[in-house]
Amino acid sequence: MLWTEGFGTFGRGLDPWSEFRRVENEMNRVLSRFASPSTGEFPAVNIWADNSEAVVTTELPGIDPKNVEISITGKTLVLNGLREPADVKEGETYHRRERWYGKFTKTIELPFVVEGDEVEASFSKGILTIKLPRAESEKPKKIAVKSA
């Protein structure tokens, strides 16, 4: 009886999985310093398309639109950008630093060739939206069937 009472108290006071969670969180924090967004993970994008155009959206919080470059070659869209580091005043040090800064590159394969001269990009509230009209040569064409 004493052992079960002691074990019950011990069990409530020590969660054996909490140490694993703590180590996992610490490893994620340490490894995130070495992760580079240029690997294609940042920024995350959504893409949808119909027969006439594709639309790409991405969240770019804290990035000045002047620091974003968009280029298209064939079916490939490339986003390049830069997030500037936050200024730390003299005498201040970071208590916690999780937000990434630096250069990034994202290469996206589109579902079709686009009209590069007609691409439109807009930036509002940290969201970049790119409208990519499908090239005429890529649009589906109906073919009439003739009877003999």
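- The backbone N or O of A44 lies less than 3.5 Å from a partner atom in the side chain of T58, making a donor-acceptor pair.
- Within the 4.5 Å cutoff, the side chain of N51 has heavy atoms near those of the R134 side chain.
- Contact annotation: the side chain of I108 approaches that of L79 to within less than 4.5 Å [non-hydrogen atoms, C-beta and beyond].
- Under the 4.5 Å side-chain criterion, counting only non-hydrogen atoms from C-beta, I130 is not in contact with T57.
- For NZ of K75, the number of neighbouring non-hydrogen atoms (other residues, nucleotides, ligands) closer than 6.0 Å is greater than 12.
- Side chain of E92 to backbone of K89: a donor-acceptor contact under 3.5 angstrom is found.
- Closest of all the heavy-atom pairs between G62 and R83 is O-CG, 3.8 Å.
- Counting non-hydrogen atoms of other residues, nucleotides and ligands closer than 6.0 Å to CD of E69 gives a total of 12 or fewer.
- Atom NZ of K141 is surrounded by more than 12 heavy atoms from other residues, nucleotides or ligands within 6.0 Å.
- Between I70 and L77 there is a side-chain heavy-atom pair separated by less than 4.5 Å.
- When side chains are defined from C-beta on, K106 counts as touching P43, because their heavy atoms get closer than 4.5 Å.
- Between the side chain of E59 and the main chain of G126, no donor-acceptor pair closer than 3.5 Å is present.
- The minimum heavy-atom distance linking I72 with V119 is given by the pair CD1-CG2, 3.5 Å.
- Minimum interatomic distance between L132 and F112 (heavy atoms only, all atoms of both residues): O-CE1, 4.0 Å.
- Put simply, CD on E84 and NZ on K103 are 10.0 Å apart, with the number rounded to the nearest 0.5 Å.
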Quick one, T129 with V55, criterion side chain to side chain contact (heavy atoms under 4.5 Å, CB included). Give me CA distance, side-chain angles, the key distance, then yes/no. CA-CA 7 Å; T129 302; V55 177; 4.0 Å; yes
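- Note that NZ of K131 is 10.5 Å distant from OG of S52, once rounded to the nearest 0.5 Å.
- The local environment of CG in D50 is crowded, with over 12 non-hydrogen atoms from other residues, nucleotides or ligands closer than 6.0 Å.
- Two residues are said to be in side-chain contact when any heavy atoms from C-beta on lie closer than 4.5 Å; I63 and V68 meet this criterion.
- In this structure, D64 and K66 have side chains that are in contact, with non-hydrogen atoms separated by less than 4.5 Å.
- Shown are L60, V56, V45; of these, the side chain to side chain contact (heavy atoms under 4.5 Å, CB included) with L128 is made only by L60.
- With respect to E24 and R21, no salt bridge is recorded, no charged nitrogen being found less than 4.0 Å from a carboxylate O.
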